[in-house]
Peer 1: 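Can you keep this structure in mind? I'll have questions shortly.
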Amino acid sequence: MITARGLTKRYGSTVAVDDLSFDVQDGVVTGFLGPNGAGKSTTMRMIIGLDHPTDGTVAIDGTPYRDLRWPLREVGALLDAKAVHPGRSARSHLRAIALANKIPLARVDEVLDIVGLTAVAGRKVGKFSLGMSQRLGIAGALLGDPKVLLFDEPVNGLDPEGIAWVRQLLKGLAAEGRTIFLSSHLMSEMAQTATDLVVIGRGRLIADTTVEDFVSSHTVPTVEVRSADQVALADALRATGAEVAPAADDALSVTKVDAPRIGEVALAAGIALHELTPVRASLEEVFMEMTSDAQEYATSAPITEDPA
Amino acid sequence: MTALSLDPGTDHGRAGLTEAIRSEWAKLRSVRSTWISLTIIVVAGLGFAALFSALIASNWKHSSPLDRAQFDPVRISQAGSFISQIVVGVLGALVVTSEYANGSIRTTFAALPRRTTVVAAKAIVTGVVLLIVTELTAFASFFVSQAVLLASGGKQLPAGATLMTQIKAGVIPVLSITASGVPMALLRTGLYLTLMGVLAVGLGFLLRSTTATISLYVVFLLVIPILIQLLPSSIREPIQPYLPSNLGVAMETVGSKQTDFAGVLLDAWPATAVIVAYAALVLAAGATLLSRRDA
C-alpha cells in the first residue's frame, strides 16, 4: 500500500503538488488521473524518493522509500521509458539495475521474456522504438519482483496490441495482490484498466474513489427521447417534475426521471415513443468537466510543465 | 509471473556500496565511450613517448645547449599524459553526466536512495579502472621511450652519473627503470591522471551537464594557466604551483623542486597531496549538493 499524507511540492512560488493525501490499495489497479502538468510525475518522483517533498510524507507499507533496504525488490517504477543510455544493450541495462539491488542475473532474462524483448536483448537501446522502450521500462520495473509497481503513462507509444498487453499485464499483477499505481491523462485507458481512481488537477486532490463511483456520482442520469410529438411530450414530462432540454437531431434530453417513468408518461399522454435511450457520461466527459476549473486556472497562472 | 525467491526479509543487510560498485562497473564497461577513452590513453601514451623520443634523438646534434640541458628522459616518456589528462576528465564527467543527460540517473537513485553511496561507487570504479590503465601506460611508455632513445644513439646512464654530466658530454642519456626516483615519478603520473578523473566525477555531480563539466575542467586545466601569464609575477607566482596542470608536471618530475616553463613547482609528494585534496573536496561538494537536490 502507498500512503500519501499532506504531500506538497513547491518550486519557488509555484505549487506543483498541493496537500495531497491518498491511499493506493493492494490487489487492484489504481488509476492516477489528471491533465498534463497536474503534478502526477512530481508525485510519483516523491513516492520513490527522487524529489524531496516540501511538506508531508509518503510511505510504502509504512516505510519511507529511502529507508527501504532493497528498494527495487519492494517497489518497481517506470517513470520515463527513454531514460536509458542509448549506447547500452537492453540486457546490459537490466543487468546493471539488477546488480544494484543484488537481484539474481537470471531474472534479467526472465523479465526480457515477460515483456517480449528476448530477441532484441543484445541490441543497443538507442535503436529501440518508443514501444520497445516502454517494454524495456516495464521489464526494469518488474526486475525485483516488487509488491508495489508505479507506471507513469506506460502505454505511450504502444500499438493497440501493446496497449492490450499492458492492460492484461497490469490486471494480472494486481490479481497477484500487488499494488499497482498507474498514471495517465487518458480517461479511456483508466476506464479499461483501473478499478480505483485518484484524480488530481493543478496539484490538488479532486477525487479518491473508484472508477464506477466517480462516474456515477459526477454524472446526472440522462435519457434521450424521440417521439411522434416532441412538444406535447416535453410538456407532459415537465408536468411530472422532469427537466427537459433540446438535444441534437430534435431529440429531448430528459433528466430527473428515469426511462420507465418517461415511457409511462408517454403512454398516458398517448404519444408514440420512437426512441428512449439512457445516456451515461463517459469517464472522459466526467474528467473534462471535473478538471476544467483546474485547467482554466492553469492557463492564467501556468504551473510547471510536468517533465515527461 | 513466477514468484521470485527475493523476499526482502531473507536477504540481510541493504543495498550498499558493494552493490553500487558492481552496478557501476557493469555500466562503465557496457558503453563504448569507456573503451574509446581508455584506448586513447594507451595509444597517446605509447605513441607520444615513441614519437617525441625519436624527434629529440634525431635532432639532438642540432639542439641548443639549453634544449639539451632541459631534456628529461622521464618527462619525455610521459608526453602523452598531456592528452590523457583531458581524456580522463571526459571519462570521469561522462560517468555522471551521461546519466543526467538521458535521465537514467533516476533509475540509479531509485535503486540506491542513499546517494552518497552512488558518488562513492562511481568515484571508486572510475578511479580503479583509470589507475590500472594509466599506471600500465606510464610504465610501458617509459620503456618504449627509453628503447627508442637507446636505438637512436642514446647511452644508458651509468649508476651514480648525473643526467647533466652525460648531456654535457653530448650523449643522449637513457634511464633505467631502477634509476633513482624513476619508478615513483611514473607511479605518480598514473596517480595524477587517476585523481583528475575522479575529480571530474565530483565535478559532474556538481554541474550535472556534460558541456558545463567538461568546459570547466578544461578551463581550469588549460585556460587558466595561460590566462594567468597576463598577471604580474607577484600575483602569478604564488598561484602557479597550485594549478592542476602544474601539480601534474610536479608529480611527473624526478627529484625535487625544479624550474620549468610553468614557473616554480611544488615538490612531487606535496603536489600529490594537493591533487588528492582537490579531488576529495570536489567529490564532497558534489555529494553534499546531491543529497539536497531533487533528482
Side-chain angles (χ1 to χ4, degrees), chain A residues 9 11 42 45-46 48-52 64-77 79-80 82-89 91-93 95-107 110-111 114 124-126 137 140 142-147 169 172-173 176 178 307, chain B residues 1-36 94-118 121-122 125 290-295:
Chain A
K9 182 69 183 176
Y11 298 102
T42 305
R45 285 199 304 274
M46 287 194 285
I48 60 167
L50 294 174
D51 286 11
H52 306 264
Y65 187 88
R66 280 167 202 243
D67 294 337
L68 297 175
R69 294 189 303 126
W70 303 99
L72 301 187
R73 303 194 204 171
E74 301 189 39
V75 183
L79 296 193
D80 176 5
K82 279 289 174 190
V84 286
H85 193 298
R88 204 170 273 138
S89 73
R91 183 178 278 117
S92 300
H93 167 75
R95 285 174 75 98
I97 300 173
L99 287 166
N101 270 221
K102 221 162 131 186
I103 295 163
L105 291 180
R107 178 70 182 157
E110 272 179 46
V111 293
I114 290 171
K124 283 192 168 61
V125 175
L142 296 177
L143 202 51
D145 195 20
K147 214 180 134 255
L169 181 77
L173 291 166
E176 290 171 4
R178 295 173 210 258
Chain B
M1 190 164 66
T2 47
L4 200 59
S5 53
L6 258 188
D7 179 9
T10 61
D11 218 328
H12 295 293
R14 56 159 63 228
L17 192 59
T18 312
E19 288 74 29
I21 287 173
R22 288 203 178 116
S23 178
E24 289 304 327
W25 170 232
K27 281 193 245 175
L28 191 65
R29 64 193 158 91
S30 58
V31 292
R32 203 161 47 173
S33 63
T34 305
W35 302 107
I36 294 173
L94 283 178
V95 162
V96 180
T97 58
S98 70
E99 289 199 31
Y100 277 103
N102 59 45
S104 59
I105 194 75
R106 287 183 174 148
T107 308
T108 302
F109 290 149
L112 298 155
R114 306 195 158 184
R115 298 182 190 173
T116 313
T117 308
V118 175
K122 282 191 187 289
V125 169
L290 188 66
S291 303
R292 291 190 194 154
R293 279 195 296 224
D294 290 336

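Chain A is the first sequence line, chain B the second, and so forth, proteins listed ahead of strands; every chain is numbered from 1. Because the structure is a prediction, the values reported are computed rather than measured. Side-chain atoms are counted along with the backbone in the values below, which use heavy atoms only and exclude waters and symmetry mates.
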Peer 1: When rounded to the nearest 0.5 angstrom, what is the spacing between CZ in B:R22 and CG in A:L105?
Peer 2: 10.0 Å
Peer 1: Relative to chain A, which of B:V31, B:V118, B:L112 shows the most heavy atom pairs under 4.5 Å?
Peer 2: B:V31
Peer 1: Nearest heavy-atom pair of A:Y65 and B:A110: which atoms, and what distance?
Peer 2: OH-O, 2.5 Å
Peer 1: Report the residue from A:R95, A:R88, A:H85 that forms a side-chain hydrogen bond (donor to acceptor under 3.5 Å, both in side chains) with B:S30.
Peer 2: A:R88
Peer 1: Please find the pair of heavy atoms, one from A:H52 and one from B:R293, that lie closest to each other, and give the distance.
Peer 2: NE2-O, 3.2 Å
Peer 1: Which heavy atom in A:N101 sits nearest to a heavy atom in B:A15, and how many Å separate them?
Peer 2: ND2-CB, 3.7 Å
Peer 1: When rounded to the nearest 0.5 angstrom, what is the spacing between OG1 in B:T107 and CD1 in A:I48?
Peer 2: 8.0 Å
Peer 1: Could you pull out all residues at least two apart from B:S104 that satisfy side-chain hydrogen bond (donor to acceptor under 3.5 Å, both in side chains)?
Peer 2: B:N102
Peer 1: Check each of A:T42, A:D51, A:L50 against B:D294 using the side chain to side chain contact (heavy atoms under 4.5 Å, CB included) test, and report the only one that passes.
Peer 2: A:D51
Peer 1: Could you grab the distance from atom CD of B:E19 to atom CD1 of A:I103, nearest 0.5 Å is fine?
Peer 2: 10.5 Å
Peer 1: Which region of A:L169, side chain (C-beta onward) or backbone (N, CA, C, O), has a non-hydrogen atom less than 4.5 Å from a non-hydrogen atom of chain B, or is it both or neither?
Peer 2: neither
Peer 1: Using a 4.5 angstrom heavy-atom cutoff, name the option from A:L68, A:I97, A:V75, A:V84 with the most pairs to chain B.
Peer 2: A:V84
Peer 1: So which part of A:A77 gets closer than 4.5 Å to some heavy atom of chain B, the side chain, the backbone, both or neither?
Peer 2: neither
Peer 1: Taking B:R32, B:R114, B:E24, B:R292 one by one, which has the highest count of heavy-atom pairs under 4.5 Å against chain A?
Peer 2: B:R292
Peer 1: Counting only non-hydrogen atoms closer than 4.5 Å, does B:T34 touch chain A with its backbone (N, CA, C, O), its side chain (CB onward), both, or neither?
Peer 2: neither
Peer 1: Looking at B:A295, B:A26, B:S33, which makes the most heavy-atom pairs under 4.5 Å with chain A?
Peer 2: B:A295
Peer 1: Could you tell me whether the side chain of B:S23 and the main chain of A:A96 form a donor-acceptor pair under 3.5 Å?
Peer 2: yes
